[in-house]
Amino acid sequence: KEKDVIVRERAASHYGGGSYLAAKALAELPSDALFACLFGLVVHTQCGLRAPWLEVVGACALVALTCASLGLAIGAAVPNAERAMTAGVPIMTVHMLTGVIDPAG
């Protein structure tokens, strides 16, 4: 449903890809950050980390928001879901290998 609306609105030049990306990221920010914060809090508590809990939770939230925004950017730049998956996997792999996205922390 959302794709049909976006295609229609972009065809009418209501907004561009950057505006869509920013709006979508801001709309999903609360749920993405909430789950990442809960994860960071559980990891901090269960693992007995020495870092202040706010830093751990904040880092988890920022990584989650950055990864979600990267996925949205790939989706906005590619015309269909199949090509987005084809483009997204190598991009995420390169980012993980170079340390831009560090799953090990």
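Nothing here was measured: the structure is a model prediction, and the numbers come from that model.
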Any residue meeting side-chain contact (heavy atoms from CB on, under 4.5 Å) with Leu62, in chain and number order, not counting sequence neighbours: none
Of all residues at least two apart in sequence or in a different chain, which pass the side-chain contact (heavy atoms from CB on, under 4.5 Å) check with Asn80? Lys3, Glu82, Arg83
Answer with yes or no whether the hydrophobic clustering places Val78 together with Leu70; edges join I, L, V, M, F, W, Y residues whose side-chain heavy atoms lie under 4.5 Å apart. yes
Hey, can you pull the donor-acceptor pairs under 3.5 Å for the side chains in residues 30-42, sequence neighbours left out?
from  : atom 1 : to    : atom 2 : distance (Å)
Ser31 : OG     : Glu28 : O      : 3.2

Does Thr93 have any side-chain contact (heavy atoms from CB on, under 4.5 Å) partners at least two apart in sequence or in another chain, and if so, which? Val89, Leu97
Output the rest of the hydrophobic cluster of Leu65: all Ile, Leu, Val, Met, Phe, Trp and Tyr residues reachable through side-chain heavy-atom contacts under 4.5 Å, sorted by chain and number. Leu29
Would you mind writing out the side-chain donor-acceptor pairs for residues 53-61 within the sub-3.5 Å range, not counting sequence neighbours?
none

